[in-house]
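Heads up: numbering here begins at 1 and tracks the sequence. FYI, side chains are in, hydrogens and waters are out, and symmetry mates aren't considered; it's all heavy atoms of this structure.
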Amino acid sequence: MEMDWQRITPMVITYRTKSGSHLVWSLVAGYPEWRIINLDILDYCCSPRSLDGLENRDNYIFIQGDVCNPQLVNHIFITENIDVIFHLAAKTHVESSFECPSVFQRVNVDGTRVLLDAAHRAPHRPQRFIYVSTDEVYGTSLDEAFDEGCPLRPTNPYAATKAAAEYLVRSYWDKYQFPIIITRSNNIYGPRQFTEKVIPRFLTLLQNNNKCTIQGTLAMSRHFLFVSDAIQAFLLVLEKGTVGDVYNVGTSVEIPIVQLARELVRMVKNVTESEVNDWIEFVSSRPQVDLRYPIRSEKLQRLGWRAETSWAEGIRQTVKWYQDNPDFWLDVNEDQRIRKEPEKASNT
């Protein structure tokens, strides 16, 4: 299906997502001829300040609402000619998914169902539905790097709901030839990420003169993808991706969690090497901890994508942003912002 790239209306579903505001900014600033509609519930991990400066842009519309609300979502698709949907809305905190899996089921699965149904039934047929998933749907691996054809074996409630949502998205392609594309990303990091995720969590703890807490003593590592590289991947699959297909969005930057903590201690506290471990504490592990999520991205690379931001530059920008904006998340309730109990620390 050929798209008219001169004037389209993307709808970005961004609530509860770490990269949604960056995508919205990229679309509004980079495509002034497009009309960007942003649906966001502004949950605890989203700040309106992430979108400061966009409210007066002529090509931007913000709607505060819940993707699980069929009346609202149907109304949007009936009254607006939506050409493209970027669906990033999800609850993503793995620790919380063990505590309240039903909430993850509602948002991640039922919300996707509501959105798919409204988009499919819309009077104006969308040309692309891009569902942003996660590398965690593959499960953990010590040696094998997963490609898009590997089976899904999620090991926590969050990943299970993302896999279930993927099957829903795929079913609309299989039955209706509804033009979906699925992406599966490594851990995305960068400025403005909420403090429950590992990098901003460590940074915020250190800035408050607290130790970095690491769950368990197993050799956990994560692949970290800078947010601007993730956004470029989403835009590339919109332009060149094959409908009905899946694309891994991966990086070669794999950092052990212990090494990450030590690196951030050095950057934030400026201590001697012998003092670094004084700022690290090992705490009780959660019920299920995956050691690593290696994925292969040759399929996306054949479209022309490469991760361009080095780890050194990405983490430098990220640390600087949190140092320059220490109060950004202070308006969030304490019990929602940083979990103080060590056993509640999250590493994904």
Are the side chain of [X] and the backbone N or O of [Y] linked by a donor-acceptor pair below 3.5 Å?
{"X": "His93", "Y": "Tyr158", "value": "no"}
{"X": "Thr112", "Y": "Asn108", "value": "yes"}
{"X": "Gln317", "Y": "Pro191", "value": "no"}
{"X": "Asn186", "Y": "Thr251", "value": "yes"}
{"X": "Tyr247", "Y": "Thr242", "value": "yes"}
{"X": "Asn156", "Y": "Phe98", "value": "no"}
{"X": "Ser97", "Y": "Val94", "value": "yes"}
{"X": "Arg306", "Y": "Gln301", "value": "yes"}
{"X": "Asp147", "Y": "Arg296", "value": "no"}

Side chain to side chain donor-acceptor pair (under 3.5 Å) against [X], all qualifying residues, sequence neighbours excluded:
{"X": "Asp245", "answer": "Lys299"}
{"X": "Gln207", "answer": "none"}
{"X": "Arg170", "answer": "none"}
{"X": "Glu80", "answer": "Arg35"}

4.5 Å side-chain heavy-atom contact, [X] and [Y]:
{"X": "Val258", "Y": "Phe282", "result": "yes"}
{"X": "Asn187", "Y": "Lys197", "result": "no"}
{"X": "Glu99", "Y": "Phe104", "result": "no"}
{"X": "Leu235", "Y": "Tyr31", "result": "yes"}
{"X": "Ile41", "Y": "Gln64", "result": "no"}
{"X": "Trp321", "Y": "Leu203", "result": "no"}
{"X": "Phe62", "Y": "Leu42", "result": "yes"}
{"X": "Val28", "Y": "Leu51", "result": "no"}

Would you compute the distance between atom [atom1] of [X] and atom [atom2] of [Y] and round it to the nearest 0.5 angstrom?
{"X": "Glu166", "Y": "Thr134", "atom1": "CD", "atom2": "OG1", "answer": "9.0 Å"}
{"X": "Asp110", "Y": "Asn69", "atom1": "CG", "atom2": "CG", "answer": "12.5 Å"}
{"X": "Thr183", "Y": "Asn248", "atom1": "OG1", "atom2": "CG", "answer": "9.0 Å"}
{"X": "Asp83", "Y": "Ile37", "atom1": "CG", "atom2": "CD1", "answer": "9.5 Å"}
{"X": "Leu88", "Y": "Phe234", "atom1": "CG", "atom2": "CZ", "answer": "5.5 Å"}
{"X": "Cys100", "Y": "Lys91", "atom1": "SG", "atom2": "NZ", "answer": "6.0 Å"}

Heavy atoms from other residues, nucleotides or ligands near CD of Gln323 exceed 12 (cutoff 6.0 Å):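 Yes, enclosed.
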Atom NE2 of His124: over 12 foreign heavy atoms under 6.0 Å: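 Yes - once you tally the heavy atoms of other residues, nucleotides and ligands closer than 6.0 Å, there are more than 12.
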For [X] and [Y], work out which heavy atoms get closest and say how close.
{"X": "Ala261", "Y": "Phe202", "answer": "CB-CE1, 3.7 Å"}
{"X": "Pro179", "Y": "Val243", "answer": "CB-CG1, 3.8 Å"}
{"X": "Cys68", "Y": "Pro70", "answer": "O-CD, 3.0 Å"}
{"X": "Val227", "Y": "Ile188", "answer": "CA-CG2, 3.7 Å"}
{"X": "Pro154", "Y": "Ala160", "answer": "CB-N, 3.5 Å"}
{"X": "Val109", "Y": "Ala164", "answer": "CG2-CB, 3.9 Å"}

Qualifying residues under ring-ring contact (aromatic ring centres under 6.0 Å, His included), relative to Tyr131, sequence neighbours excluded: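 Scan of Tyr131 (ring-ring contact (aromatic ring centres under 6.0 Å, His included), adjacent residues dropped) gives His87.
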All ring-ring contact (aromatic ring centres under 6.0 Å, His included) counterparts of Tyr176, not counting sequence neighbours: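 Once residues adjacent in sequence are excluded, the partners of Tyr176 under the ring-ring contact (aromatic ring centres under 6.0 Å, His included) criterion are His120, Tyr172.
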Hydrophobic cluster (4.5 angstrom, side-chain heavy atoms) - remaining members for Phe146: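 Result for Phe146 is Val137, Tyr138, Leu152, Tyr167, Ile295.
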Residues Asp290, Arg153: salt bridge by 4.0 Å N-O rule: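 No, this pair does not count.
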Carboxylate-amine/guanidinium proximity below 4.0 Å for Glu254 and Arg292: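 Judged by the 4.0 Å cut-off on N to carboxylate O distance, Glu254 and Arg292 do form a salt bridge.
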Full working for side chain to side chain contact (heavy atoms under 4.5 Å, CB included) between Phe129 and Leu115: CA-CA 10 Å; Phe129 184 107; Leu115 188 58; 3.8 Å; yes
Sequence neighbours left out, what passes side-chain contact (heavy atoms from CB on, under 4.5 Å) with [X]? Give chain and number order.
{"X": "Thr309", "answer": "Phe226, Ser228, Asp229, Glu313"}
{"X": "Pro101", "answer": "Pro157"}
{"X": "Leu291", "answer": "Thr140, Leu142, Leu218, Met220"}

Working for side chain to side chain contact (heavy atoms under 4.5 Å, CB included), residues Arg192 and Ser21: CA-CA 9 Å; Arg192 302 200 301 272; Ser21 66; 3.2 Å; yes
Side chain to side chain donor-acceptor pair (under 3.5 Å) contacts in which one or both residues fall within residues 259-272, not counting sequence neighbours: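 Listed once each, the pairs are Asn209-Lys269, Arg262-Asn277, Glu263-Trp311, Arg266-Glu273, Thr272-Ser274, Thr272-Glu275.
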Residue pairs, two or more places apart or on separate chains, that pass side chain to side chain donor-acceptor pair (under 3.5 Å) and touch residues 54-63: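 Residue pairs passing side chain to side chain donor-acceptor pair (under 3.5 Å), neighbours aside: Asn38-Tyr60.
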Same cluster (ILVMFWY, side-chain, under 4.5 Å), Val73 and Ile78: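 They do not share one cluster, since no chain of ILVMFWY contacts under 4.5 Å joins Val73 to Ile78.
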Worked check of salt bridge (charged side-chain N to carboxylate O under 4.0 Å, His left out) between Asp66 and Arg106: CA-CA 11 Å; Asp66 192 342; Arg106 175 183 178 271; 2.9 Å; yes
Evaluation steps, side chain to side chain contact (heavy atoms under 4.5 Å, CB included), between Val237 and Leu300: CA-CA 8 Å; Val237 298; Leu300 182 62; 3.6 Å; yes
Test log, rule side chain to side chain contact (heavy atoms under 4.5 Å, CB included), inputs Thr204 and Asn210: CA-CA 8 Å; Thr204 307; Asn210 294 315; over 6 Å; no
